[in-house]
Amino acid sequence: MASAPARAHDVRPMRADARRNYERLLTEARTAFTEHGTDTSLEDIARRAGVGIGTLYRHFPNRTALMGAVFQSEVEALLAYAGQLADAPQPCAALVDWLRAIITHASTYRGLSRALMTASADESSGMARCSVPMREAGGALLARAQQAGAVRPDVSIGDLMQLTNGIALAVEESPDDPKLADRLLRLTLRGLKPESGSS
């Protein structure tokens, strides 16, 4: 009976000063990643947050752990959007809408698409906490589109996520072409449809 309360206290909340440092680091990292890309110097992020680099590493042992924490809230928003699309009347359009939202999200941070592509091949990566639930949410939308006969049965969510990250990377490298993502998504949609389907 006495062991249950002890287990509840195994994970202790951060001290107030540690929590403040954590939140400042996340805020400054988000700003730095937006302005300068995910290759921004971690020392600069720590300095902007008013802490030493050792404090940054105590909270985030490596760059990918920091990136995963920064992007977690946005990933949660994308997961919520996938939930909203789960019962959409046109399953294929719902899938494409969600992929478009991922591209918009990834394009906000230069370097994020590349990091997500790497994470898909390494589930021990600090970015796996972002990529794994995203694949699960996208897999549900894909399965629904496949069951409706709108998407070929041989399409996998892993391939779709890599393709989406590739489009985001292309958009990142072509900032003067705002319609590029939609053009590439339209080409993707043609490739997703069964051969007997209409274009």
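Interatomic distance, CG of L142 versus CZ of R135, reported as 13.0 Å (0.5 Å rounding). Taking CD of E173 as the start and CG of L180 as the end, the distance is 11.0 Å to the nearest 0.5 Å. Taking CZ of R100 as the reference point, atom CD1 of I102 lies at 11.5 Å (rounded to 0.5 Å). Distance CG/L79 to CD/Q84: 11.5 Å, rounded to 0.5 Å. Here the CG-CG distance, from L192 to L99, works out to 8.0 Å after rounding to the nearest 0.5 Å. In this structure, NZ on K193 lies 5.0 Å from SG on C92, to the nearest 0.5 angstrom.
Between the side chains of R24 and T27, not a single donor N or O lies within less than 3.5 Å of an accepting N or O.
Between Y22 and R58 the shortest side-chain heavy-atom distance does not fall below 4.5 Å. When side chains are defined from C-beta on, L160 counts as touching L95, because their heavy atoms get closer than 4.5 Å. At least one side-chain heavy atom of L169 sits less than 4.5 Å from a side-chain heavy atom of E172. Contact annotation: the side chain of R30 approaches that of E74 to within less than 4.5 Å [non-hydrogen atoms, C-beta and beyond]. The side-chain heavy atoms of R20 and E23, taken from C-beta on, include no pair separated by under 4.5 Å. L184 has its side chain out of reach of I103: every pair of non-hydrogen atoms, C-beta onward, lies at least 4.5 Å apart. Counting heavy atoms from C-beta on, the side chains of F60 and V70 never come closer than 4.5 Å. The closest side-chain heavy-atom distance from T188 to T164 is not below 4.5 Å.
Of all heavy-atom pairs between W98 and L78, the closest is NE1-O, 2.9 Å. Across all their heavy atoms, I45 and A32 have their closest contact at CG1-CB, 4.0 Å. Between N21 and V51, the closest heavy-atom pair is OD1-CG1, 3.5 Å. Looking at every heavy atom in both residues, A49 comes nearest to L25 through CB-CD2, 3.8 Å. Of all non-hydrogen atoms in L85 and A94, the two that sit nearest each other are CD1-O, 3.4 Å. Residues A148 and P91 approach most closely at CB-CG, 3.9 Å, considering heavy atoms.
Within 6.0 Å of CD in Q90 there are 12 or fewer heavy atoms belonging to other residues, nucleotides or ligands.
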Item to complete: Go through the steps for R63 and D39 under the test salt bridge (charged side-chain N to carboxylate O under 4.0 Å, His left out), then give the verdict.
Response: CA-CA 9 Å; R63 181 180 298 275; D39 291 333; 5.1 Å; no

Item to complete: Go through the steps to decide whether D44 and E28 satisfy the test side chain to side chain contact (heavy atoms under 4.5 Å, CB included), and finish with yes or no.
Response: CA-CA 9 Å; D44 286 347; E28 294 301 336; over 6 Å; no

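Side-chain atoms of S174 do not come within 3.5 Å of backbone N or O of V171 as any donor-acceptor pair. With hydrogens and angles ignored, the 3.5 Å screen pairs a side-chain donor or acceptor of Q146 with a backbone N or O of V155. Formation of a donor-acceptor pair under 3.5 Å by the R144 side chain with backbone atoms of A86 is found in this model.
Note: F33 and F71 have tilted aromatic rings, judged against thresholds of 30 and 60 degrees for the angle between ring planes.
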